[in-house]
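Below is one structure, written out as structure tokens; comments come after it.
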Amino acid sequence: MSSKLDIYTTKRRGRFSNFLFTSVCFLATMTCVLMLFVLIWNLILQGKDWLSWDFVERFPSRFPVKAGIKSALWGSIWLISLTALFSVPLGVGAAVYLEEYAPKSRWRKLIQLNISNLAGVPSIVYGILGLALFVRALALERSVLSGALTLTLVVLPIIILASQEALRSVPDSIRRSAYALGATRWQTVWYQVLPASLPGIMTGVILSLSRALGEAAPLIAVGAMAYVPFVPEKLTDEFTALPIQIFNWTARPQEDFHHLAAAGILVLLIVLVSMNAIAVFVRHKYGKKIRW
Amino acid sequence: MASTPSVKKIMQPSDKATSGYSKAPMVRPSIPEGKGMRTADELAQATEKISVRDMSFYYSENRALTDISLSIPECCVTAFIGPSGCGKSTFLRCFNRMNDMIEGTRVEGEILLEGQDIYSSRTDIVTLRKRIGMVFQKSTPFPKSIFDNVSFGPKIAGIRKKKELYEIVERSLQRSALWDEVKDRLSESALNLSGGQQHRLCIARALANDPDILLMDEPASALDPASTARIEDLIFELKEQYTIVIVTHNMQQAARVSDQAAFFYQGLLVESGATEELFTNPKKQQTEDYITGRFG
């Protein structure tokens with residue numbers, strides 16, 4: 001026999017640890033999937049009989065049979081639309097300034113550090129800030145506008161960070177080429193850098209708005225109502241939102257309200273999944289065209 | 001192939017060798033004949049397009065270029081040659097002030113474009129860059145359609161009419177010898193083009209601004225021989241209308257396409273002159289060593 005290794009003999013060594021590691025990773029994945037599955041299954045079992053078109057069409061009520069989530073659903077739609085309106089221009093604008101314009105100074109580092117930290121601040125803290133600033137100081141009262149402004153504070157750092165990441169992924173050669181063709185900085189950013197980073201920015205925006213949709217804590221702090229038998233019609237109207245309505249129902253002793261809560265969660269999940277699907281679609285459709 | 005140079009190998013005894021590389025064969029890049037290369041006399045008569053006078057360039061405290069003086073004649077190809085890090089690319093980027101984007105850079109002396117100082121405080125960089133186009137080493141098409149790539153320059157210059165833009169795009173693509181290959185798919189993404197096509201697209205993009213001068217940093221250094229030959233043919237055609245400055249590592253390429261050559265070493269302009277003279281009869285030992293491949 002030569003000293004060369006026979007390629008048909010498998011070494012014992014490493015076989016077991018390989019199997020072990022694969023199994024551990026597989027089990028970890030399955031645990032996550034299983035928990036999600038159980039959660040959704042449980043919700044469907046509890047809420048399916050209560051989920052109907054009437055449920056979406058009706059206002060809340062003391063009687064579970066008559067209760068619906070119309071005001072909460074519309075409140076959430078108002079909140080999310082306004083939040084998007086405020087946070088997208090602000091967030092993307094700040095990201096463009098920090099990435100494309102701001103000189104590399106200690107100030108920029110400090111601002112950057114602050115934004116990263118703000119992204120990790122618990123949302124209830126923003127709720128209290130919103131209560132002090134929008135509800136009290138600016139006297140906007142417990143309006144849908146106060147709620148949206150507070151949610152804007154919550155998602156702004158996330159949108160800035162995601163947009164910065166997207167802008168940073170645009171290679172410098174694109175900027176240099178544009179400058180070499182006689183483009184000004186504004187033209188370079190507007191016509192080349194922003195379009196190239198748009199899929200990344202859109203994904204970040206939609207994911208952070210999904211987070212805003214599920215927030216209850218800051219809205220409770222700024223005083224979203226638990227019982228609102230009308231749809232907001234103007235910015236100063238009082239409002240409620242899906243997570244708050246769900247919270248309210250789960251806190252009640254009657255069994256029927258728990259079923260209503262499950263149905264409400266299903267509605268919330270449907271809205272969230274659709275928003276995430278849009279994010280995936282946008283990324284897939286526009287991201288494919290751009291590769292470096 | 002653009003040119004099939006008859007490579008004359010000159011095996012020299014080590015009388016001129018300065019170091020221990022005497023074993024390596026020394027190959028003097030050959031000058032192609034009958035390809036419309038400008039002679040030394042023609043170069044001397046050509047109008048001066050750019051004049052560099054005692055220019056030094058600094059990256060913060062480091063001097064990258066020292067007291068460069070050079071005249072770049074109109075409608076000729078000037079090649080900057082020299083080993084990596086000798087400052088030739090830095091020098092090229094001085095002409096359209098691309099070095100301004102790097103913090104802490106500084107220029108002393110002057111570079112005159114038809115008598116006007118490029119580094120004057122009155123210079124408008126946007127106009128300057130429209131007159132002096134640049135093609136980068138790595139082709140970098142914008143992630144957009146072929147049409148949008150070429151029309152970007154004229155568009156930001158304020159041309160809005162679709163018809164006018166289309167004419168410019170067609171003319172530029174024809175000049176860069178790409179029109180026939182892409183005329184049916186102008187709305188397709190430029191990223192679907194091959195490497196050589198992308199490079200010609202970048203040339204078309206620069207030509208769309210209708211510049212006087214075209215700067216090319218290592219044209220075709222990342223391309224296969226066939227694509228390289230196309231680019232070199234293109235340079236030959238373009239020099240009838242444009243003043244071209246190229247930076248290249250490739251001695252053969254410099255010998256094939258340039259009319260005037262300038263050899264840089266460690267931030268100094270060692271020697272410059274008509275390509276045929278510089279390559280056949282260099283005045284300085286360093287130049288001789290470099291072009292015959294003893295170092296660099």
Side-chain angles (χ1 to χ4, degrees), chain A residues 92 96-109 111-112 163 165-204 281-292, chain B residues 92-93 95-104 124-145 148-158 172 187-192 198-199 201-211 213-217:
Chain A
V92 176
V96 166
Y97 177 75
L98 285 173
E99 280 304 308
E100 306 291 329
Y101 288 89
K104 283 190 176 54
S105 63
R106 221 180 292 162
W107 275 110
R108 200 188 103 152
K109 267 195 186 148
I111 292 173
Q112 189 69 57
S163 306
E165 200 56 51
L167 289 167
R168 231 175 284 146
S169 74
V170 177
D172 262 348
S173 60
I174 295 293
R175 296 179 182 86
R176 273 201 299 273
S177 301
Y179 286 132
L181 288 169
T184 58
R185 189 176 280 235
W186 135 255
Q187 287 167 328
T188 304
V189 171
W190 185 251
Y191 293 109
Q192 298 300 344
V193 180
L194 263 184
S197 58
L198 206 56
I201 292 178
M202 293 275 279
T203 314
F281 174 76
V282 166
R283 168 131 261 170
H284 195 70
K285 179 142 190 268
Y286 297 98
K288 240 194 322 191
K289 282 190 203 153
I290 299 166
R291 55 198 152 80
W292 315 111
Chain B
L92 189 77
R93 285 198 302 268
F95 293 131
N96 64 346
R97 290 184 63 167
M98 285 302 275
N99 288 326
D100 288 16
M101 288 163 69
I102 305 166
E103 273 172 56
D124 179 47
I125 298 189
V126 169
T127 318
L128 174 76
R129 287 181 183 157
K130 286 195 168 116
R131 286 190 61 189
I132 306 185
M134 186 168 205
V135 180
F136 294 88
Q137 177 173 7
K138 208 171 142 245
S139 48
T140 52
F142 299 129
K144 297 187 164 195
S145 73
D148 286 343
N149 261 277
V150 183
S151 62
F152 180 66
K155 228 183 227 168
I156 57 172
S172 309
S187 55
E188 264 182 45
S189 169
L191 298 167
N192 293 336
Q198 287 190 3
H199 211 88
L201 181 75
C202 291
I203 296 175
R205 195 169 67 183
L207 294 181
N209 269 339
D210 205 19
I213 298 161
L214 203 55
L215 308 175
M216 301 173 103
D217 195 350

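Lettering follows sequence order; numbering is per chain, from 1.
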Task: side chain to side chain contact (heavy atoms under 4.5 Å, CB included) between A:Leu181 and B:Phe142, worked out - done: CA-CA 12 Å; A:Leu181 288 169; B:Phe142 299 129; 4.0 Å; yes
Once rounded to the nearest 0.5 Å, what's the spacing between atom [atom1] of [X] and atom [atom2] of [Y]?
{"X": "B:Lys138", "Y": "A:Ser177", "atom1": "NZ", "atom2": "OG", "answer": "9.5 Å"}
{"X": "B:Asp148", "Y": "A:Gln192", "atom1": "CG", "atom2": "CD", "answer": "8.5 Å"}
{"X": "A:Thr184", "Y": "B:Asp124", "atom1": "OG1", "atom2": "CG", "answer": "10.5 Å"}

Taking every non-hydrogen atom, the tightest pair across [X] and [Y]:
{"X": "B:Pro141", "Y": "A:Ile174", "answer": "O-CD1, 3.7 Å"}
{"X": "A:Arg176", "Y": "B:Met101", "answer": "CG-CE, 3.9 Å"}
{"X": "B:Val126", "Y": "A:Gly182", "answer": "CG1-O, 3.0 Å"}

Open item on the list: With chain A as the partner, which of B:Arg129, B:Arg131, B:Glu103 has the greatest number of non-hydrogen pairs under 4.5 Å?
Closed with: B:Arg129
Task: Residue A:Arg175 versus chain B: region with a heavy atom under 4.5 Å - done: neither
Task: Under 4.5 Å from a heavy atom of chain A, the part of B:Arg205 involved - done: both
Task: Residue part contacting chain A, namely of B:Lys144, when any heavy atom lies under 4.5 Å - done: side chain
Open item on the list: My understanding is that only residues two or more places apart in sequence, or in another chain, count here; which of them pass side-chain contact (heavy atoms from CB on, under 4.5 Å) with A:Ser105?
Closed with: A:Trp107, A:Arg108
TODO: Check whether any side-chain heavy atom of A:Val170 sits under 4.5 Å from a side-chain heavy atom of B:Pro143, and report yes or no.
DONE: no
Task: Side-chain donor or acceptor of B:Asn96 paired with backbone N/O of A:Ala180 under 3.5 Å - done: no
Open item on the list: Counting neighbours of OH on A:Tyr101 that are heavy atoms of other residues, nucleotides or ligands and sit closer than 6.0 Å, is the number greater than 12?
Closed with: yes
Open item on the list: Does A:Met202, at its CE atom, have more than 12 non-hydrogen atoms belonging to other residues, nucleotides or ligands within less than 6.0 Å?
Closed with: no
